[in-house]
There are 2 protein chains.
Amino acid sequence: MGKIEAGAGLRNQILTGDCIEAMAALPAASVDLVFADPPYNLQLRGDLHRPDNSRVDAVDADWDRFASFEAYDAFTRKWLAQARRVLKPNGAIWVIGSYHNVFRLGAALQDAGFWILNDVVWRKSNPMPNFRGKRLTNAHETLIWAARSDKARYTFNYEALKTLNEGTQMRSDWVIPLCTGHERLKDENGDKAHPTQKPEALLHRVIVGTTKPGDVVLDPFFGTGTTGAVAKRLGRDFIGIEADPAHAARARARIDRTVRLDSDALEVTGSKRAEPRVAFGVLVERGMLRPGEVLTSPRGAAAKVRADGSLITAEHRGSIHQVGAALEGAPSCNGWTYWHFKREGRAIPIDFLRQQVRSEMAAG
Amino acid sequence: MGKIEAGAGLRNQILTGDCIEAMAALPAASVDLVFADPPYNLQLRGDLHRPDNSRVDAVDADWDRFASFEAYDAFTRKWLAQARRVLKPNGAIWVIGSYHNVFRLGAALQDAGFWILNDVVWRKSNPMPNFRGKRLTNAHETLIWAARSDKARYTFNYEALKTLNEGTQMRSDWVIPLCTGHERLKDENGDKAHPTQKPEALLHRVIVGTTKPGDVVLDPFFGTGTTGAVAKRLGRDFIGIEADPAHAARARARIDRTVRLDSDALEVTGSKRAEPRVAFGVLVERGMLRPGEVLTSPRGAAAKVRADGSLITAEHRGSIHQVGAALEGAPSCNGWTYWHFKREGRAIPIDFLRQQVRSEMAAG
DNA sequence: TTTTCCGCTGAATCGCCCT
DNA sequence: GAGGGCGATTCAGCGGAAA
């Protein structure tokens, strides 16, 4: 298979075939996020199957078990290496698994140079009970979120997830029901089309939280195309790889009938870091504060504004942040919220003035 | 170190030293359960400060520093091999970890021949937030429960855990608070004695669910001795191994002041035929307790019995189990052993009355 | 005595941009 | 590539002090 050209032409397609070969044909550093739900049919009792579904001839049990884990690891490391190659330097990956395979998956991620950011528990609100009463109800699966490397500046929409979680930080345990009812794809006989179809709510949270609109999400084990459907709806692009043509066709039809949300709906709560920078000196230049004016801290410390936008006290001089940190004996300080100026007898944070400047910048 | 003789002489002792060497000196096939809380290999880099500029007291001990994943794996495989050797053929192991180490731990377990039964999520009700808003709140840790081999007939007290869980199957996600307050051991300066002390509620569930009274529980990373204290209280024996003599001494003192429950209280729910259920309300119906009578907890809390068999305090109302758990801030509570009534000036557990009902039921 | 408030703390892999 | 400066960022629960 020759290299596929980069660019818009490849986006929003489903490639049919082996995911390792298909990824090998993709250009390096072309994908923002990988979401992978790899097979974990480590059936170590009864018939033994390799991850590629070929059957292992029955031989000595101990040897088989070792061989099977080894085969699974070899498969895992191969597709992970390709996934890492096609990821952009600041890209990230999500993988999902159960206790059968997730430990091998996580160790392989670390060995490949990925940098784990969180493990996330998908806590099923309606799991299948353990019928024989021999173990605990297996009520969760595990996702691992990892950056391409420990240097990657990965995407994380902190405020958006905080909003999704009713105003407090999103935790590492997510309660989401199984994929059932109308959402569950059926085949022509009315049976479930795929054994491990994931709920769209799960992908929604992943994609809202760790991608930006227009990003490319690659799913090398596309199945029924949940990743593609949610990516499309949320204004992201996708690349799907699926070995089974029947599944690929069903996924294609599903995505075709999925409606992309308009851009208004795609906007999420942004971070303050995204706001334009304003130098404190600009407030002085514009006459919002005059040189010589005194600012006060919450604990009553005072500092004088100088013409160049620095502050000075008896003992310290420097930026609004540096002087604040020095006075507090703290490693750092946000001078914008720390310092207050007086208007009509009231102490107002200088951040109020920064907001004024920002509105004027936006208007102009 | 020579081989230590098997038998009762070794039980309920804390061995001071390296856990691999100490386990090597134990006889093979002599232990029913291993509970292991190994170093997590956190790989922390700089300091971390809260938004209020206070510094986070992180785990920076030597025992948590490893040169590489390879070094950590080598250590893990060594102690796991010894743990497996000392386990009886039908024995089992619990290990606990975070995303830093648990994937390597799980893979090593599988490679060593252990047979994973469940992974269990300890969902922390009060985790430390992510102060920089750069990741999800790391709100859980992972336990792995594995039998010594796929042939092991491991211990699982299904009905006991179902009862603990208010009548429905115990799931693989457990909500338990951090170990704080009075339960947290302090050193002579009043600081936390150990950076990673686990809550007793966690060990309670593990030991009730997967051991029998009289079993031997080995903890090769004993720390403050939570495993030993809970094992003793629940009528199990323990062997602890701890490298730091100061921790070992504190653990010894803690266990010495722990009271072993009497054998009545230890009986967990067996098969339903052997231990017929008794509703607390039956005691009221039969006049063994009158509505309005006051029950007391071991720590002196009081609750009033109502006609429908519920309890009420100023702040809580519900079943004997619910109110006990609420008062203790615990995830669960056995109300039968927790609540006491007064007869002739003495406080007697209400379980005494349940036993009376059961004998009457058996007689009738 | 009771309620409210305030401070402290917990296994943490916790920046980004510009020069 | 390294260094320096800006400036964003927290939840639940316990316990002691204060009202």
Side-chain angles (χ1 to χ4, degrees), chain A residues 90 110 114-119 145-147 150-154 156 158-159 162 165 167-172 271-275 277-281 309-310 318-322 324-325 330-339 350-351 354, chain B residues 37-61 63-66 69 96-102 122 124-142 175 177-184 186 190-192 194-199 221 223 314-315 329:
Chain A
N90 290 330
Q110 292 178 311
F114 288 97
W115 188 247
I116 297 181
L117 300 168
N118 280 112
D119 59 337
W145 175 37
D150 62 342
K151 303 287 187 295
R153 296 198 310 276
Y154 54 91
F156 181 54
Y158 174 77
E159 291 291 342
K162 188 170 172 179
N165 198 38
T168 57
Q169 285 193 345
M170 183 67 78
R171 297 169 40 117
S172 56
S271 76
K272 292 184 185 171
R273 284 187 185 83
E275 305 259 308
R277 278 221 178 178
V278 176
F280 175 69
S310 65
S319 73
I320 52 173
H321 315 293
Q322 289 167 332
S332 68
C333 172
N334 182 345
W336 291 105
T337 53
Y338 182 77
W339 293 109
I350 58 174
D351 199 33
R354 182 170 63 162
Chain B
D37 181 11
Y40 285 9
N41 187 24
L42 287 185
Q43 307 162 78
L44 302 180
R45 302 197 258 209
D47 274 356
L48 179 65
H49 293 86
R50 298 184 176 82
D52 65 4
N53 275 321
S54 63
R55 198 180 73 88
V56 173
D57 182 17
V59 176
D60 58 354
W63 49 254
D64 199 46
R65 280 195 274 271
F66 293 83
F69 282 132
I96 180 167
S98 67
Y99 67 84
H100 309 82
N101 71 323
V102 77
W122 167 25
K124 303 176 184 181
S125 55
N126 51 347
M128 190 164 74
N130 184 290
F131 295 118
R132 307 301 291 268
K134 288 295 162 184
R135 302 182 179 192
L136 303 166
T137 306
N138 192 7
H140 74 276
E141 294 186 25
T142 302
V175 180
L178 296 173
C179 178
T180 59
H182 292 302
E183 187 186 323
R184 189 86 193 209
K186 304 292 192 294
D191 301 321
K192 60 184 175 189
H194 194 282
T196 74
Q197 185 180 344
K198 296 293 176 287
F221 305 97
E315 293 187 322

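What you are looking at is a predicted structure, and each value in this text was computed from that prediction instead of being measured. Chain A is the first sequence line, chain B the second, and so forth, proteins listed ahead of strands; every chain is numbered from 1.
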Sugar-phosphate, base or nothing in reach of B:P127, heavy atoms under 4.0 Å: base
Presence of donor-acceptor pair under 3.5 Å, side chain of A:S332 and base of D:dA8: yes
Nucleotide of C:dA12, C:dT13, D:dT10 approaching A:Q110 most closely (side-chain heavy atoms): C:dT13
Atom pair distance, as rounded to whole Å: CG in B:D57 and P in C:dA11: 10 Å
C:dA11 and D:dA8, which share atom name P, separated by this distance in whole Å: 30 Å
Check: B:K124 side chain, C:dA11 base, donor-acceptor under 3.5 Å: no
Rounded distance in Å - CG (B:N53) to C1' (D:dT9): 10 Å
B:H182 side-chain N/O to D:dG15 phosphate OP1/OP2 under 4.0 Å: yes
Length of the line joining B:E183:CD and D:dG13:P, which is rounded to integer Å: 15 Å
Sugar-phosphate, base or nothing in reach of B:C179, heavy atoms under 4.0 Å: nothing
Residue from B:H140, B:R135, B:E141 passing side-chain hydrogen bond (donor to acceptor under 3.5 Å, both in side chains) with A:S172: B:H140
side-chain N/O B:R132 vs D:dA8 OP1/OP2, d < 4.0 Å: no
Sugar-phosphate only, base, or nothing, as touched by B:T196 at under 4.0 Å among non-hydrogen atoms: base
Integer-rounded Å distance: C:dG10 P and B:Q197 CD: 11 Å
P spacing across the pair C:dA12 / D:dG5, given as an integer number of angstrom: 31 Å
Close side-chain approach of A:W115 and A:K151, heavy atoms under 4.5 Å: no
Separation of the P atoms in D:dA12 and C:dC14, to the nearest angstrom: 23 Å
Centroid distance under 5.5 Å and plane angle under 30°, A:W115 vs C:dT13: yes
Distance below 4.0 Å between A:Y154 side-chain N/O and C:dC14 OP1 or OP2: no
Closest to side chain of B:N126, choosing from C:dA11, D:dG13, D:dT10: D:dG13
Atom-to-atom span, CH2 of A:W336 to P of D:dG7 - whole angstrom: 6 Å
Short side-chain N/O contact from B:R135 to OP1 or OP2 of D:dT10, under 4.0 Å: no
A:N334 vs D:dA8: side-chain N/O to OP1/OP2 distance below 4.0 Å: yes
Phosphate-side-chain proximity, B:R45 and C:dA12, N/O vs OP1/OP2 below 4.0 Å: no
Among D:dG13, D:dA8, C:dA11, the nucleotide that comes nearest once only the side chain of B:S125 is considered: D:dG13
Euclidean distance, atom CZ of residue A:R277 to atom C1' of C:dC18 [Å, nearest integer]: 9 Å
Phosphate contact (D:dT9 OP1 or OP2) by A:K162 side-chain N/O below 4.0 Å: no
Side-chain donor-acceptor pair present, B:H100, B:S98, cut-off under 3.5 Å: yes
Check ion pair A:D150-B:R45 (N to O, under 4.0 angstrom): yes
Sugar-phosphate only, base, or nothing, as touched by B:D64 at under 4.0 Å among non-hydrogen atoms: base
Sugar-phosphate only, base, or nothing, as touched by B:G46 at under 4.0 Å among non-hydrogen atoms: base
Residue mapping more 5' on DNA chain D - nearest nucleotide basis, A:H321 or B:D52: A:H321
Atom-pair distance (CD on B:Q43; P on C:dA12), nearest Å: 14 Å
Any A:R354 side-chain nitrogen or oxygen under 4.0 Å from OP1 or OP2 of D:dA8: yes
C:dG10 OP1/OP2 closer than 4.0 Å to side-chain N/O of B:K192: yes
d(CG, A:D119; P, C:dA12) in whole Å: 14 Å
Touch class at under 4.0 angstrom, heavy-atom based, for A:P331 against every strand present: nothing
OP1 or OP2 of C:dT13 under 4.0 Å from side-chain N/O of B:N138: yes
